[in-house]
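A quick write-up on the structure given underneath.
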Protein chains: 2
Amino acid sequence: MDLPSRDTSSDSIAEDIALAIHEHRLPPGSKLSEDEVGEIFGVSRTVVRAALQRLAHDRLVELRRNRGAFVAQPSLREAREVFEARALLEPRTARSAAERITEADLALLQRHIDAEHEALAAGQAGRALYLSGKFHIEIARIADQDTIAEFITQLVARSSLIIAVYWQRRGALCERHAHHALMRALAAHDGALAEELMKSHLLDLLSSLDLRSRTAAPSSLREALGG
Amino acid sequence: MDLPSRDTSSDSIAEDIALAIHEHRLPPGSKLSEDEVGEIFGVSRTVVRAALQRLAHDRLVELRRNRGAFVAQPSLREAREVFEARALLEPRTARSAAERITEADLALLQRHIDAEHEALAAGQAGRALYLSGKFHIEIARIADQDTIAEFITQLVARSSLIIAVYWQRRGALCERHAHHALMRALAAHDGALAEELMKSHLLDLLSSLDLRSRTAAPSSLREALGG
DNA sequence: GAACACAAGATTGTATACGATTTTGTGCCG
DNA sequence: CGGCACAAAATCGTATACAATCTTGTGTTC
């Protein structure tokens with residue numbers, strides 16, 4: 001049933017939780033009780049704690065001493081900073097990717113985009129968002145930069161949380177064209193264009209968020225009273 | 001004996017070990033037995049494991065299943081990638097810092113440089129290296145970019161490991177002039193110059209490493225047989 | 001009726017115990 | 001004498017138990 005040589009169970013659980021957060025099945029602020037999580041996955045609190053600590057290190061969950069673990073609620077400042085970090089890392093990485101990309105890579109990227117469209121068509125917005133993030137990570141992998149890819153992985157996951165908190169419903173699928181145009185630039189080995197497209201794509205993403213006001217960190221209390 | 005309201009003990013232990021690695025008191029490849037570390041710090045393996053997992057996440061130690069924790073030995077590839085990541089993050093961050101820096105920040109940076117020189121004069125090369133890294137992190141803090149500062153913190157720590165493995169003894173203190181020149185650019189609020197200086201400083205650092213040959217990852221075996 | 005004090009409940013922090021896996025030492029066999 | 005097999009030791013992986021801390025409910029007092 002399991003894959004042949006799986007990582008430690010805590011890694012597996014951390015990934016499961018991270019995926020749920022990424023796909024917005026676990027909204028920001030959700031409590032992750034150690035007992036509860038342990039019961040769900042059939043393991044003891046020891047391994048759950050390891051998983052939660054890893055997620056806390058990635059800033060996906062917040063650990064409050066003697067209070068428990070909660071899905072993180074990125075602050076306005078953090079939201080800005082995450083996209084500023086991405087703006088430093090991703091455009092130049094896209095340029096490198098364009099210079100190194102192979103036919104196999106292009107095919108893989110195309111499958112990614114197709115899967116994203118399918119998920120969107122099936123109404124699985126969360127999954128589409130997850131795949132959209134994977135697209136960015138894949139570019140870093142194509143650029144053959146594991147270290148940067150890891151940072152981007154982390155930033156993409158945090159971006160997903162930021163979107164969960166600050167997304168202002170409006171034109172939703174500017175994504176489609178952006179990713180498609182980016183892929184064409186990559187296919188043409190046009191590094192300069194790829195860099196420029198990635199840069200503006202990230203700016204578009206940022207500007208589609210509602211980063212005004214909301215003075216304090218949106219506590220779950222605020223969410224509850226908002227309705 | 002303890003500080004008033006310390007973090008969890010595992011955080012404190014992780015920092016202690018990270019500092020030891022940073023200052024080259026713990027060479028790459030060192031084994032970090034859970035029992036041994038626990039005895040040294042007077043805690044159980046539970047908290048030691050948490051500390052080691054955090055360090056593993058930062059890539060300072062490598063966790064091998066059923067084998068134990070070892071101080072990481074960065075590969076050639078990782079060495080290159082770390083400095084490429086720094087090259088993407090730090091120059092632009094230095095520019096931002098130059099635009100925002102205050103008198104208080106400048107005084108703090110000056111104290112950093114002074115402490116670095118003192119350590120060097122006192123023959124504490126490891127401590128000087130640590131302070132030199134702090135200088136880079138401080139610049140990110142001045143740029144008011146916590147998220148990027150965190151990444152740089154991680155990259156600086158890994159750089160310290162890389163230096164431990166790949167440093168070729170030669171002119172050692174190009175650092176002094178580089179950091180001083182950088183500080184002058186910051187003081188003059190000359191963002192473009194600061195960016196350029198940081199860029200070439202990182203290139204200098206990289207070129208002072210011996211990244212040739214050593215085909216495989218340098219196992220501790222090789223070290224042992226080298227003498 | 002409101003505010004405070006205290007106690008019961010729940011949840012996390014840490015230690016210890018046991019099982020699984022790897023390493024290493026020893027002895028037999030070719 | 002070299003190589004393999006097996007057993008003992010060491011070390012990590014996980015579960016469980018207890019202590020510390022926080023939350024929350026209740027009763028008393030003003």
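Residue numbers begin at 1 in each chain, while the letters A, B, ... track the order of the sequences.
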- Among residues 31-49 of chain B, which contact DNA chain D at a heavy-atom distance under 4.0 Å? B:K31, B:S33, B:E34, B:R45, B:R49
- side chain to side chain donor-acceptor pair (under 3.5 Å) with A:Q145: which residues, sequence neighbours excluded? B:E84
- Task: Could I get the full list of side chain to side chain contact (heavy atoms under 4.5 Å, CB included) partners for A:T153, not counting sequence neighbours?
- Result: A:I137
- What pairs meet the salt bridge (Lys or Arg N to Asp or Glu O under 4.0 Å) rule with one or both residues in residues 24-33 of chain B, with sequence neighbours excluded? B:E23-B:R25
- Note on the structure: Residues passing the salt bridge (Lys or Arg N to Asp or Glu O under 4.0 Å) test with B:E39, sequence neighbours excluded, are none
- Message: Taking side chain to side chain contact (heavy atoms under 4.5 Å, CB included) as the definition, give me every residue that meets it alongside A:A97, ordered by chain and number, with sequence neighbours left out.
- Response: A:I139, A:I142, A:A143, A:L186
- Apply salt bridge (Lys or Arg N to Asp or Glu O under 4.0 Å) to B:E34 and list each qualifying residue two or more places apart in sequence or on a separate chain. B:R45, B:R49
- Message: Tell me every residue that passes salt bridge (Lys or Arg N to Asp or Glu O under 4.0 Å) with A:R100, counting only those two or more places apart in sequence or in another chain.
- Response: A:D144
- Item | Sub-6.0 Å ring centroid separation between A:H179 and A:H201 | yes
- Set of residues satisfying side chain to side chain contact (heavy atoms under 4.5 Å, CB included) with respect to B:L203, sequence neighbours excluded: none
- Note on the structure: B:L52 CG to D:dC12 P, in whole Å, measures 9 Å
- Message: Reading DNA chain C in the 5' to 3' direction, which nucleotide is the first one with an atom under 4.0 Å from a heavy atom of chain B, and which is the last?
- Response: C:dT14 to C:dT23
- How would you list, by chain and number, every residue that makes a side chain to side chain contact (heavy atoms under 4.5 Å, CB included) with B:S33, sequence neighbours excluded? B:D35, B:E36
Could you list the protein-to-nucleotides 19-21 of chain D atom pairs, N/O on both sides, closer than 3.5 Å?
| from | atom 1 | to | atom 2 | distance (Å) |
| --- | --- | --- | --- | --- |
| D:dT21 | O3' | A:N66 | ND2 | 3.3 |

